[in-house]
Number of protein chains: 2
Amino acid sequence: MGIHERKQREKEQRRKQIMEAARKVFSAKGFNRATMEEIAGEAELSPGTIYLYFKNKEELHTSLSIDILEYISVQMKKFINRHDINAEQKMHLLKDTFIDVYEYDPMVLINLFHLQSGETLTNLSAEVLEELKQTSADALSAITSVVTEGIERGLFVEKHPVALADIIWATYSGVVLWVDSKRLLNNEKDFVKQTLDTAFEIMVNGFKRK
Amino acid sequence: MGIHERKQREKEQRRKQIMEAARKVFSAKGFNRATMEEIAGEAELSPGTIYLYFKNKEELHTSLSIDILEYISVQMKKFINRHDINAEQKMHLLKDTFIDVYEYDPMVLINLFHLQSGETLTNLSAEVLEELKQTSADALSAITSVVTEGIERGLFVEKHPVALADIIWATYSGVVLWVDSKRLLNNEKDFVKQTLDTAFEIMVNGFKRK
DNA sequence: TTATTTTTTGAACATCATTTAGTATCTGTC
DNA sequence: GACAGATACTAAATGATGTTCAAAAAATAA
C-alpha cells in the first residue's frame with residue numbers, strides 16, 4: 001500500500017511548489033498586483049490547478065504567512081528555555097531573530113503584517129483560519145514566556161505579560177511597516193535594522209524595574 | 001466674477017461629498033471589498049464621475065488618509081509649543097491624540113496604516129504622492145519636536161530624534177494593527193486603548209535618561 | 001485491456017476598476 | 001431669449017483578473 005502514501009507526498013509537494021511560486025510573485029509584486037495567472041505560470045501549472053490546493057488567493061497568501069510565523073516560532077524556541085542567560089539577553093535574541101527574518105524576505109514579512117486585517121480574515125476557510133490562530137498564539141506565547149520570566153525574576157515591571165508581549169510584536173510589525181514605507185516614500189536607504197535596534201533598546205530599558 | 005469662485009466651491013464640495021461616501025464604504029468594507037459602484041451610489045453619482053475627481057481607487061483612499069494625517073497634525077500642533085508642560089507630559093498628550101483618532105474612526109485609521117505600502121504608492125499621481133509625503137513629514141516633525149525638546153532638556157536619552165519619532169509612530173501603528181487583528185482573530189474585546197496606554201508608559205520610561 | 005478514479009486543464013464566467021462616447025447643464029454673447 | 005461653447009455628468013462598453021466547471025489526460029485497479 002505504498003501508492004497511497006506516495007500520492008500523499010506528491011500532493012504535499014505540489015502544494016509546496018505552488019507556495020514557492022506564490023512566494024516569488026507576491027514578493028516581487030505585493031498582494032494586489034500579483035495575479036493568479038502569473039503564479040500559475042511560475043509554478044508551471046494552469047490557474048485552475050491552484051484552486052484544487054488553495055481555496056482562493058487570500059488563503060494561498062495566508063499559507064505563506066503561516067510558514068513565516070512557524071519559522072519565527074521555531075527560532076524563538078531555540079533559546080527561550082535556556083538557563084544560562086537572563087530575560088534581557090533573551091530580548092536581545094528575540095530582536096536578532098526578528099531582524100534575521102526581515103532580512104531573509106522583507107516583502108513576505110511585510111505582507112504578513114498587512115494580512116492581519118479584517119477583510120482578509122473573512123475570506124479564509126475555517127481550517128486555515130484556525131491554523132493561523134494557532135500559529136500566532138504559538139509565536140506570541142514564546143514571546144510571553146520571555147516577558148514572564150523577566151517579571152518573575154524581578155527584572156521587569158509588573159505589567160500583564162500578554163500586554164507586554166503584544167507590545168513587542170506590535171513594535172516589530174510597526175517598525176518594519178513604517179520604516180519600509182518611509183523608505184519608499186523618500187527613496188532613502190533601509191533603516192529597519194537600526195530602528196529595530198533602537199526600539200528594542202528603548203523597550204528593554206522601559207521594561208526594567210527601577 | 002463670483003461665478004468662477006462659486007464653481008470652484010461646488011467642485012470642492014463635490015470632492016468632499018465623494019470622500020465622505022468613500023469614508024463610509026471603506027470603513028464598512030475595507031479597501032478591497034469596497035466597490036467604486038457602491039461609493040458612487042452612496043454619493044448619489046455615477047461611477048464615472050468619481051474619476052473626474054480622483055485618478056483611481058487608491059488615490060481616493062489615500063486622500064482620506066491624508067485628511068486623517070492632517071487632523072492628527074493639527075491636534076498635535078495645539079500643544080507641542082506649550083511652555084507650561086514638559087516633554088513627558090507632551091508624550092502623554094500625543095498618546096491621547098492617537099487614542100482619540102483611533103476611537104473616531106478605527107477602520108479608516110487601520111486602512112491608513114495598511115495602505116502606505118509599495119504597491120499602493122506606485123498608483124498615485126505625482127501631486128497626491130507629494131501631498132502624502134508632505135503631510136507625513138509634517139506629522140512626524142511634530143512628534144520629533146517633542147522628542148527633541150526632551151533630549152535638549154536632558155530628560156530623554158541622547159538618541160537620534162528622528163529615530164525616536166519613527167519609533168513612536170511605529171508603535172502607534174503597530175499596536176493599532178496588531179491588537180485590532182487579534183481582536184478579530186479571537187473575538188475578544190477591543191484592547192487598543194489599554195495597550196496603547198501601556199506601550200506609551202513603557203516607551204516614556206525607556207526614553208528617560210538614567 | 002478496460003473501467004474507474006484522480007489530477008489537470010483551459011476556456012467560460014462573474015466581478016469590478018476604469019474609459020469613453022454621448023447627453024445634459026450651465027455660461028457668456030449677441 | 002436664442003445660440004455656441006464650455007463644463008459636468010452619465011450610462012454603457014472595455015479590459016483585467018479571480019474563480020468555476022466541463023472535459024481531457026493520467027494514473028490506478030480490475
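Just so you know, these numbers come straight off a predicted model, no measurement behind them. Labels below follow one simple rule: chain letters A, B, ... track the order of the sequence lines, proteins then strands, and each chain is numbered from 1.
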What is the separation between atom CD on B:E38 and atom C1' on C:dA17, rounded to the nearest whole Å?
14 Å

How many angstroms lie between CZ in B:F26 and CG in B:N32, if you round to the nearest 0.5 Å?
9.5 Å

Which residue is it: A:Q13, A:K7, A:R6? I am looking for the one with a side-chain hydrogen bond (donor to acceptor under 3.5 Å, both in side chains) to A:E10.
A:R6

Can you tell me how far apart CG (A:N81) and CE (A:M76) are? Round to the nearest 0.5 Å.
12.0 Å

In Å, rounded to the nearest 0.5 Å, how long is the span from CD of B:E42 to CD of B:E44?
8.0 Å

Proximity to DNA chain D (any heavy atom under 4.0 Å), residues of residues 45-56 of chain B only:
B:L45, B:S46, B:G48, B:T49, B:L52, B:Y53

Listed by chain and number, what are the side-chain hydrogen bond (donor to acceptor under 3.5 Å, both in side chains) partners of B:D138, not counting sequence neighbours?
B:K77

With the threshold set at under 4.0 Å for non-hydrogen atoms, list the residues of residues 7-17 of chain A touching DNA chain C in residue-number order.
A:K7, A:K11, A:R14

How many angstroms lie between NE2 in A:H61 and CG in A:N56, if you round to the nearest 0.5 Å?
12.0 Å

Applying ring-ring contact (aromatic ring centres under 6.0 Å, His included) to A:F156 and not counting sequence neighbours gives A:F207

Note, A:S63 side chain near A:R15 side chain (heavy atom, < 4.5 Å):
yes

Does A:R183 come within less than 4.0 Å of A:E188, counting only side-chain N to carboxylate O?
no

Yes or no on side-chain contact (heavy atoms from CB on, under 4.5 Å) for B:R14 and B:L45, after CA distance, side-chain angles and deciding distance?
CA-CA 10 Å; B:R14 178 116 313 168; B:L45 292 167; 3.8 Å; yes

One would report the end-axis bend of the helix from C:dT1-D:dA30 to C:dC30-D:dG1, five pairs per end and rounded to 10 degrees, as 10°

Enumerate all atom pairs, one protein N or O and one N or O from nucleotides 12-16 of chain C, separated by less than 3.5 Å.
none

Please check this pair: side chain of A:N205 against backbone of A:E201, looking for a donor-acceptor N/O pair closer than 3.5 Å.
no

When you measure from the side chain of A:K90 to the backbone of A:R82, do you find a donor-acceptor pair of N or O atoms at a distance under 3.5 Å?
yes

